[in-house]
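I have placed the structure first, in the form of C-alpha cells, so that the comments after it can refer back to it.
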Amino acid sequence: MTDQEYMKLAIELARSATGQTSPNPIVGAVVVKNNQIIGMGAHLKAGEPHAEVHAIRMAGEKTKGATIYVTLEPCSHHGKTPPCADLIIASGIERVVVASTDSNPLVAGRGISRLREAGLTVETGVLESEALELNEVFFHFINTGLPYVTLKSASSLDGKTATVTGESKWITGDAARHDVHKLRHQHDAILVGVNTVIADDPSLTTRLTGGGKNPIRIILDSTLRTPLDARVVRDGEAPTWLITTSKAEKGKVAEMEALGVEVVVLTESLTIPEILKSLAQRGITSLFVEGGAEVHGSFLKAGAFQQLISYMAPKLIGGKNAPSIFGGEGLVHIGDAVSLQIKDVSMVGEDIRVIATPR
Ligand SMILES: Nc1c(/N=C/[C@H](O)[C@H](O)[C@H](O)COP(=O)(O)O)[nH]c(=O)[nH]c1=O
Ligand SMILES: Nc1c(N[C@@H]2O[C@H](COP(=O)(O)O)[C@@H](O)[C@H]2O)[nH]c(=O)[nH]c1=O
Ligand SMILES: [Zn+2]
C-alpha cells in the first residue's frame with residue numbers, strides 16, 4: 001500500500017473516536033514494516049495513552065526499522081502522558097509519516113525536530129487537509145482560545161421553528177432527531193436560551209440506542225427566569241450551568257445552587273464573546289447551540305459561529321408572527337448578510353440537512 005493508503009487508515013482510526021477525546025485532538029497511528037501492518041491505534045480519551053503508544057505497543061519487538069503513520073505530529077511534551085516522540089525514537093522506528101503538524105504551542109514542530117535530530121526520516125503533509133479537517137474543533141480552540149461553535153436549527157421548509165401559537169413538536173422526523181443526538185454526543189456542551197426552556201422544557205440529553213455522552217447543559221438566562229421545576233434543573237441527568245447577570249435575584253441563585261445547578265454570573269449584559277470566553281475558561285472546547293431564535297440571532301449578529309447545521313422538514317407552517325430560525329433585530333443591509341459556504345446537503349429521513357460554514 002502507498003503512504004496515502006496507510007494514512008487513510010490512520011485517519012479512519014482517528015475518526016472512530018470522534019467526541020471522546022476532548023479537550024485533546026483525535027489521532028490515529030499505523031505501524032508498518034515490509035508492507036505489513038504490525039500495529040495500529042487511536043487516542044480514545046484524554047489522559048489515556050496517545051495513538052502512537054497503542055500502535056507501538058501492539059507492534060511490540062517488531063518496530064525496529066519500521067515506519068509509523070500518524071495523523072498528528074507526535075507530541076514532544078509531558079502533558080498527562082509522556083512524549084510520543086521519545087517513545088518512537090526508543091522503539092527503533094526509522095521513518096515517521098505525519099499528516100498535520102500540531103499547532104499546540106507545547107508541540108508546534110518540536111516533535112518533528114526531535115525526531116529528525118535523532119536521525120529518523122520524517123515526512124509531513126500526507127493527506128494534510130483531511131487531517132486538519134479531522135481536528136478543526138481542536139485547532140480552533142488551540143488557535144483562538146474559544147470553543148468551536150455549531151449552530152443547529154430545525155425548521156419547516158419556510159423557515160419556521162414553531163407555529164404562531166408556539167407548537168413545535170415535532171417539525172423534523174425521527175431520523176433527523178437521531179442525527180441531532182449524535183451531534184449532542186460529540187459536543188462538550190449544548191446551549192439554549194431560557195425561552196426554549198420555558199416553552200419546551202427540554203432535557204437536552206443524548207438519547208441514542210446504546211447510550212451516549214450527555215453534554216453540559218448551558219442556559220442563557222440574564223434575569224434567572226428558568227423555572228425551578230424545569231427538567232434541566234431537576235433531572236440530574238447532566239450538569240446544568242445557568243449563565244446570568246447581576247440582575248438575577250440572589251434568593252433564586254441560592255435556590256438553584258442548592259439544586260446542584262452551577263450559576264455563572266457574568267457582567268451586566270450577556271455578550272456572546274464574553275460568554276464564549278467564560279465557557280472556554282471552564283474547559284468547553286465545542287459548543288452546540290440549539291436555539292431558540294433570540295439566541296441564534298445573537299450568535300449571528302456577533303458572527304460568533306464556525307458551522308451551521310440546518311434541518312428542514314418538507315412542511316410549510318407560514319404565519320408572519322410564527323418564529324423563524326434567527327430572531328433579534330437581524331441585519332439591516334443585504335450587504336451585511338452573513339454569506340456561507342455550503343459544505344454538505346443531504347437527506348436525513350424525510351428532512352434536508354444543510355451544513356454550512358461562514359466565509
Ligand atoms: N421541535 C424540534 C426541535 N426542537 C428543539 C428545541 O429547541 C428543544 O431542544 C427540544 O425540545 C429538545 O428537547 P429534548 O432535549 O429532546 O427533550 N428540534 C428538532 O431537531 N426538531 C424539532 O422538530
Ligand atoms: N492526542 C494525541 C496528541 N495530542 C497532543 O498532546 C496534548 C495532550 O497531551 P496529554 O495531556 O499528554 O494527553 C494535546 O493538547 C495535543 O497537543 N499528540 C500525540 O502525539 N498523539 C495523540 O494521540
Ligand atoms: Zn503523544
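Just so you know, residue 1 is the first one in the sequence shown, and it goes up from there. All ligand and atom numbering here is 1-based and tracks the order in the structure.
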Contact check, His77 vs ligand 2, heavy-atom distance below 4.0 Å: yes
Within the 4.0 Å heavy-atom shell around Glu290, which atoms of ligand 1 are there? 5 (C), 7 (O), 9 (O)
Does Asp102 reach ligand 2 with a nitrogen or oxygen that is under 3.5 Å from one of the ligand's nitrogen or oxygen atoms? yes
Exactly one of Leu308, Leu220, Leu191 should register a side-chain contact (heavy atoms from CB on, under 4.5 Å) with Val289. Which one does? Leu191
For ligand 1, does Glu167 get within less than 4.0 Å through its side chain, its backbone, both, or neither, judged by non-hydrogen atoms? neither
Using a strict cut-off of 4.0 Å, indicate which atoms of ligand 1 neighbour a heavy atom of Thr196. 7 (O)
Applying a 4.0 Å heavy-atom criterion (strictly less than), which segment of Ala154 is in contact with ligand 1: side chain, backbone, both, or neither? side chain
Give a yes or no on this: more than 12 heavy atoms of other residues, nucleotides or ligands lie within 6.0 Å of atom CD of Glu167. no
Contact between ligand 2 and His78 is defined here as a heavy atom of the residue under 4.0 Å from a ligand atom; is it met? no
NE2 on His178 to CG on Leu208, rounded to 0.5 Å: 5.0 Å
Can you tell me which portion of Ile171 lies within the under-4.0 Å heavy-atom range of ligand 1? Options are side chain, backbone, both, or neither. both
Does the N or O separation between Thr172 and ligand 1 drop below 3.5 Å for any pair? yes
Polar proximity ligand 1 side, Asp201 side, N/O cut 3.5 Å exclusive: no
Residue Lys277 excluded, over 12 heavy atoms near NZ under 6.0 Å: no
Answer yes or no: is there an ion pair linking Arg184 with Glu290, defined by an N-O contact shorter than 4.0 Å? yes
Counting neighbours of NZ on Lys213 that are heavy atoms of other residues, nucleotides or ligands and sit closer than 6.0 Å, is the number greater than 12? yes
Using a 6.0 Å cut-off, check whether atom CD of Gln4 has over 12 heavy atoms from anything other than its own residue. yes
Quick one: does ligand 2 sit under 4.0 Å from the side chain of Val27, the backbone, both or neither, non-hydrogen atoms only? side chain
In ligand 1, the atoms that come under 4.0 Å of a heavy atom of Ser168 are 1 (N), 23 (O)
Taking only non-hydrogen atoms of Lys152 and a 4.0 Å limit, the atoms of ligand 1 in range are 18 (N), 19 (C), 20 (O)
Do Asp351 and Thr172 get their side chains close enough for a donor-acceptor pair, meaning under 3.5 Å? no
Where's the contact between Cys84 and ligand 2, heavy-atom distance under 4.0 Å: side chain, backbone, both or neither? side chain
Shell check on the Zn ion (ligand 3): protein N, O or S atoms less than 2.8 Å away are His50 ND1, Cys75 SG, Cys84 SG
Using a heavy-atom cut-off of under 4.0 Å, does the side chain or the backbone of Pro23 touch ligand 2, or both, or neither? neither
Would you please determine whether Pro74 falls within less than 4.0 Å of ligand 2 on a heavy-atom basis? yes
